[in-house]
Amino acid sequence: MKEQPKKVNFIHLQIDEDLKQGKNNERVHTRFPPEPNGYLHIGHAKSICLNFGIAKKYGGKCNLRFDDTNPSKEETEYVESIQEDVRWLGFDWEDRLFYASDYFEKLHGFAIQLIKEGKAYVDDQNSETISNQKGTPTRPGTESPFRDRSIEENLDLFMRMTAGEFDEGSKVLRAKINMASPNMHMRDPIIYRIMKAHHHRTGDKWKVYPMYDFAHGQSDYWEGITHSICTLEFEVHRPLYDWFVDQLQDSDYRPRQIEFARLNLTYTVMSKRKLLELVKDKHVNGWDDPRMPTISGFRRRGYTPESIRNFSDRIGVTKVDGMIDVSLLEYSVREHLNRTAQRVMGVLNPLKVVITNYPENESEELEAINNPEDPGMGTRKVPFSRELYIERDDFMEEPPRKFFRLAPGREVRLRYAYFVTCTKVIKDENGEIVELHCTYDPVSKGGNSPDGRKVKATLHWVSAIHAVRSEVRLYDRLFSDEDPGGHKDVDFKDFMNPDSLKVLNECYLEPFVRESKPLDHFQFERLGYFNLDYDSTTELPVFNRTVPLRDSWARAQNKK
RNA sequence: UGACCUGUGGUGUAACUGGCAACACGUCUGACUCUGGAUCAGAAGAGUCCAGGUUCGAGCCCUGGCAGGUCAACCA
């Protein structure tokens with residue numbers, strides 16, 4: 001499947017420059033370093049495509065590393081989902097699956113080294129006191145009274161912290177850097193804290209855990225990462241990471257951190273904390289709810305890896321913090337699914353049609369094209385009979401100008417079938433239209449008119465007795481505001497769209513869909529792209545609408 | 001009253017060591033069509049945050065502003 005030609009971004013340019021200068025023996029090695037504290041979202045997909053994409057472009061490597069330094073938030077479930085998502089997106093870390101916890105021993109040794117060099121000390125103060133002494137961005141901090149403890153005492157205390165002799169929160173290990181630095185992160189950052197929590201990989205072995213800032217840069221260093229790509233908010237951490245690597249460095253090799261702007265999408269939230277809240281408080285049905293911007297949500301919704309990769313490439317990579325219109329994402333799926341999705345006919349809001357001049361108890365099979373964009377996908381047979389369903393929206397008793405579909409006395413084409421003319425409208429006692437009578441023209445079989453007669457519209461339809469009754473779930477944006485998380489005084493949940501999920505139970509699809517497996521993609525002609533959901537049973541298939549087709553009729557209506 | 005980062009059509013990105021601001025999405029026309037889809041053809045829309053400066057020439061360089069973002073978790 002062809003993908004767009006890859007765009008060059010500023011990171012590629014910097015790598016080119018590094019290569020030209022012969023840095024790091026001209027190696028290129030990146031990594032994708034998620035914390036396993038939630039499911040991956042589309043913003044992570046951008047980072048995954050970037051990091052693995054760079055490795056591919058430069059003939060280098062890309063590691064998958066879990067930054068699992070906080071056992072209180074991390075779980076194996078997340079580790080597994082993350083691997084599944086990265087693989088599904090089409091990327092391979094080969095044998096390079098790592099964990100920050102792989103380095104706990106080394107990190108601990110490094111901390112001891114810093115203590116011995118007089119570059120780290122144990123502080124007995126509580127977090128509030130330490131925080132107050134840090135100062136503010138505009139005012140320098142003040143030094144801790146424990147800053148000048150002897151190396152021996154520091155060593156002894158740190159070993160006893162490690163042994164679990166002290167309570168959580170009673171002591172921390174801090175790097176001794178500069179309390180007056182204009183960069184807050186250099187003001188004697190905490191590098192180890194006491195935590196008596198069970199770790200998903202190291203179990204109960206450790207009573208002290210390294211802070212992320214103390215683990216991340218060193219992990220990159222030990223893995224031989226050359227380009228540590230991360231998001232903008234870590235820019236101010238870079239001097240600290242460099243400081244730690246300075247204490248370790250034993251050659252010319254050094255990872256270079258490059259920051260880029262995280263992805264923001266309109267009408268959604270993109271923070272794990274907020275997504276977790278939606279899941280925990282049951283505002284959605286789990287991390288893979290098709291309305292979620294998670295990779296698993298998009299997968300279940302019917303997005304394809306190709307479309308997400310193309311999207312990632314189209315949005316580019318910069319340091320400008322912007323907001324991408326979801327319509328670009330939708331364009332990306334439509335573009336891919338248009339070329340690849342099996343076409344099928346399905347009626348979402350059925351209106352019964354009786355072809356009065358078609359014989360009773362008879363049926364025939366008509367040939368339909370599986371994908372007009374790809375003749376290689378072949379054709380299939382669609383059953384036709386006297387009683388059909390068409391879309392309610394495709395009939396109007398009093399059609400306005402420019403409504404081309406069925407109306408009393410009007411002739412339209414039933415796709416791949418016949419020309420039919422509406423002869424009678426049947427209503428119930430409430431005046432509700434319940435059935436249409438039509439006649440068909442037998443010589444128009446297949447949908448062609450031998451006499452060259454034109455018809456303004458082609459409708460999709462399903463033979464009533466052959467139809468597969470299904471449930472179809474229609475999704476709309478989860479939030480009604482462009483930037484639900486961007487309001488200071490309003491909680492993002494206040495913007496939740498009450499109509500983000502609409503379930504239709506009386507949908508009729510052509511028999512072809514019986515063959516499908518969960519996640520199979522279809523275009524329901526004239527409606528949109530859909531895929532089979534995991535919730536399907538043999539009695540009741542369930543389909544998700546991935547994205548509707550562009551609909552210029554509906555758009556024209558909306559403008560009024 | 002700090003440090004760091006960022007300012008290019010509505011949105012997202014381009015513009016090689018200065019050389020007529022380009023592309024995509026979106027929007028709007030029209031053509032074609034057995035999907036009011038797709039496709040094709042075309043249009044509108046920015047003079048690059050502002051003000052100076054250097055230069056034959058500045059989105060790119062310099063100076064000074066302005067605006068936005070990030071940083072004060074024993075989170076990552």
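Chain naming here is simple, since letters A, B, ... match the order of the sequence lines and numbering starts at 1 in each.
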Chemist: Can you tell me whether the side chain of A/Arg343 and the base of B/rU35 have a donor-acceptor pair closer than 3.5 Å?
Modeler: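 Present.
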Chemist: For A/Gly447, answer base if it contacts any base atom (sugar-phosphate contacts may also be present), sugar-phosphate if it contacts only those atoms, and nothing otherwise; contact means non-hydrogen atoms under 4.0 Å.
Modeler: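 Base contact.
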Chemist: Nearest-nucleotide wise, let me know which of A/Met323 and A/Phe10 is further upstream toward the 5' end of RNA chain B.
Modeler: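 The residue closer to the strand's 5' end, by nearest nucleotide, is A/Met323.
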Chemist: Rounded to whole angstrom units, what separation is found between the NZ atom of A/Lys319 and the P atom of B/rC5?
Modeler: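 Taking atom P of B/rC5 as the reference, NZ of A/Lys319 is at 7 Å.
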Chemist: Under 4.0 Å, heavy atoms only, any strand: does A/Tyr416 hit a base, just the sugar-phosphate, or nothing?
Modeler: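 Result for A/Tyr416 = base.
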Chemist: Any sub-3.5 Å donor-acceptor pair from A/Arg174's side-chain atoms to A/Asp188's backbone N or O?
Modeler: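 Checking the backbone N and O of A/Asp188 against the side chain of A/Arg174, a donor-acceptor pair under 3.5 Å is found.
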Chemist: Output every pair passing salt bridge (charged side-chain N to carboxylate O under 4.0 Å, His left out) with a member in residues 129-145 of chain A, not counting sequence neighbours, ordered by first then second residue.
Modeler: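 Listed once each, the pairs are A/Glu143-A/Arg147.
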Chemist: A/Lys46 or A/Phe524: which one's nearest nucleotide on RNA chain B is closer to the 5' end?
Modeler: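 In this pair, the answer is A/Lys46.
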Chemist: Have a look at B/rG57 and give me syn or anti from its glycosidic angle (syn if within 90° of zero).
Modeler: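 Anti.
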Chemist: So does A/Arg139 reach the base of B/rG2 with its side chain, donor to acceptor, closer than 3.5 Å?
Modeler: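 No, the side chain and the base share no sub-3.5 Å donor-acceptor pair.
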Chemist: Rounding to an integer number of angstrom, what distance separates B/rG59 and B/rG52 when you compare their P atoms?
Modeler: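 Between the two P atoms, the distance is 14 Å.
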Chemist: On a whole-Å scale, what distance lies between the P atoms belonging to B/rU63 and B/rU54?
Modeler: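 Each nucleotide's P atom is 15 Å from the other's.
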Chemist: Could you check whether A/Phe214 gets within reach of a base, just the sugar-phosphate, or nothing at all, counting any heavy atom under 4.0 Å?
Modeler: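 Since no nucleic acid heavy atom lies under 4.0 Å of A/Phe214, the category is nothing.
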Chemist: What's A/Lys272 touching, base or sugar-phosphate or nothing? Going by heavy atoms closer than 4.0 Å.
Modeler: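 The residue A/Lys272 makes no contact with any strand.
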Chemist: Could you work out the separation of B/rG9 and B/rA14 based on their P atoms and round it to a whole Å?
Modeler: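 Looking at atom P only, B/rG9 and B/rA14 are 13 Å apart.
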Chemist: Is it the case that the ring center of A/Phe311 lies less than 6.0 angstrom away from the ring center of A/Tyr303?
Modeler: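 Here the rings of A/Phe311 and A/Tyr303 have centres that are no less than 6.0 Å from each other.
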Chemist: Would the number of heavy atoms belonging to other residues, nucleotides or ligands and lying under 6.0 Å from CZ of A/Arg201 be above 12?
Modeler: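 Buried by this count: over 12 neighbours within 6.0 Å.
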Chemist: By the 4.0 Å heavy-atom rule, please label A/Tyr331 as base, sugar-phosphate, or nothing.
Modeler: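 Sugar-phosphate: the residue A/Tyr331, judged by heavy atoms under 4.0 Å, touches backbone atoms but no base.
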Chemist: Looking for any heavy atom pair under 4.0 Å, which part of the strands does A/Arg550 touch: base, sugar-phosphate only, or nothing?
Modeler: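 Result for A/Arg550 = sugar-phosphate.
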Chemist: Rounded to whole Å, how long is the line connecting atom CG of A/Leu549 with atom C1' of B/rG36?
Modeler: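 It works out to 10 Å between those atoms.
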Chemist: Going by the angle between their ring planes, with limits at 30° and 60°, are A/Phe234 and A/His216 parallel, tilted or perpendicular?
Modeler: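 Ring orientation, 0 to 90° scale: parallel.
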Chemist: RNA chain B: stems of at least 3 consecutive Watson-Crick or G-U pairs, cut-off 3.5 Å?
Modeler: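 If one scans RNA chain B for consecutive Watson-Crick or G-U pairs, the stems found are B:2-7 with B:66-71, B:10-13 with B:22-25, B:27-31 with B:39-43, B:49-53 with B:61-65.
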Chemist: Is the number of heavy atoms from other residues, nucleotides or ligands within 6.0 Å of NZ (A/Lys456) greater than 12?
Modeler: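 No, NZ of A/Lys456 has 12 or fewer neighbouring heavy atoms, counting only those of other groups under 6.0 Å.
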Chemist: Can you tell me how far C1' in B/rG57 sits from the matching atom in B/rG47, rounded to whole Å?
Modeler: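 Nearest-Å result for B/rG57 against B/rG47 at atom C1': 15 Å.
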Chemist: Less than 6.0 Å separating the ring centroids of A/His185 and A/Tyr241?
Modeler: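 Between A/His185 and A/Tyr241, the centre distance exceeds or equals 6.0 Å.
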Chemist: In whole Å, I'd like the distance from the CD atom of A/Gln557 to the C1' atom of B/rG36.
Modeler: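 Distance, rounded to whole Å: 11 Å.
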Chemist: Is there a side-chain contact between A/Leu337 and A/Gln523 (heavy atoms, below 4.5 Å)?
Modeler: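 Side chain of A/Leu337 against side chain of A/Gln523, heavy atoms only: no contact under 4.5 Å found.
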Chemist: Which part of the nucleic acid, if any, lies within contact of A/Pro372, taking any heavy atom under 4.0 Å across all strands shown: a base, the sugar-phosphate backbone alone, or nothing?
Modeler: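 Base contact - A/Pro372 has a heavy atom under 4.0 Å of at least one base atom.
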Chemist: Distance check, rounded to the nearest 0.5 Å: A/Glu411 atom CD versus A/Ser449 atom OG?
Modeler: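 Rounded to the nearest 0.5 Å, the CD-OG separation comes to 8.0 Å.
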Chemist: If we take the C1' atom in both B/rA38 and B/rC75, what is their distance in whole Å?
Modeler: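 Each nucleotide's C1' atom is 48 Å from the other's.
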Chemist: Atom NZ of A/Lys454 and atom C1' of B/rC32: how far apart are they, to the nearest Å?
Modeler: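 So the NZ-C1' distance, A/Lys454 to B/rC32, works out to 10 Å.
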Chemist: Check this one for me: any side-chain N or O of A/Arg314 less than 4.0 Å away from OP1 or OP2 of B/rC25?
Modeler: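 No, A/Arg314 has no side-chain N/O under 4.0 Å of OP1/OP2 on B/rC25.
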Chemist: Quote, to the nearest angstrom, the P distance that separates B/rG19 from B/rC62.
Modeler: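 Those two atoms are separated by 15 Å.
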Chemist: Could you check whether the side chain of A/Glu373 and the base of B/rU39 have a donor-acceptor pair of N or O atoms closer than 3.5 Å, going by distance alone?
Modeler: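 No.
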Chemist: Scan A/Arg405 against the nucleic acid and name what it touches under 4.0 Å (heavy atoms): base, sugar-phosphate only, or nothing.
Modeler: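 It contacts base atoms.
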Chemist: Which value, in whole Å, describes the distance between the P atoms of nucleotides B/rU33 and B/rC28?
Modeler: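 To the nearest whole Å, 23 Å.
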Chemist: Categorize A/Thr318 for me: base, sugar-phosphate, or nothing, with a 4.0 angstrom heavy-atom threshold over every strand shown.
Modeler: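 A/Thr318: backbone/sugar contact only, no base atoms under 4.0 Å.
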Chemist: If the sugar-phosphate is the primed atoms plus P, OP1 and OP2 and the base is the rest, what is the B/S/- string for nucleotides 69-76 of chain B, using protein heavy atoms under 4.0 Å?
Modeler: SSSBSBSB
Chemist: What is the distance, to the nearest angstrom, from the CZ atom on A/Phe395 to the P atom on B/rG36?
Modeler: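 Rounded to whole Å, this separation is 18 Å.
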Chemist: Can you measure A/Glu482 atom CD to B/rG12 atom P for me and round it to whole angstrom units?
Modeler: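 Whole-Å distance recorded here is 10 Å.
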Chemist: Please check this pair: side chain of A/Lys7 against backbone of A/Arg314, looking for a donor-acceptor N/O pair closer than 3.5 Å.
Modeler: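 Indeed, once roles are kept as given, a pair shorter than 3.5 Å links the two residues.
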Chemist: What's the spacing between A/Lys272 NZ and A/Trp287 CH2 if we round to 0.5 Å?
Modeler: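 A/Lys272 NZ to A/Trp287 CH2: 7.5 Å, rounded to 0.5 Å.
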Chemist: Say you pick atom P in B/rA58 and the same atom in B/rA41; how far apart are they, in whole Å?
Modeler: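 Roughly 36 Å separates the two P atoms.
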Chemist: Give the rounded distance in Å between these two atoms: CG of A/Asn264 and C1' of B/rU6.
Modeler: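 It is 14 Å, rounded to the nearest whole Å.
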Chemist: Separation of A/Leu459 atom CG from B/rU33 atom P, in whole Å?
Modeler: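 Rounded to the whole Å, the gap is 18 Å.
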Chemist: More than 12 foreign heavy atoms under 6.0 Å from CD of A/Gln21: is that the case here?
Modeler: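 Yes, CD of A/Gln21 has more than 12 neighbouring heavy atoms, counting only those of other groups under 6.0 Å.
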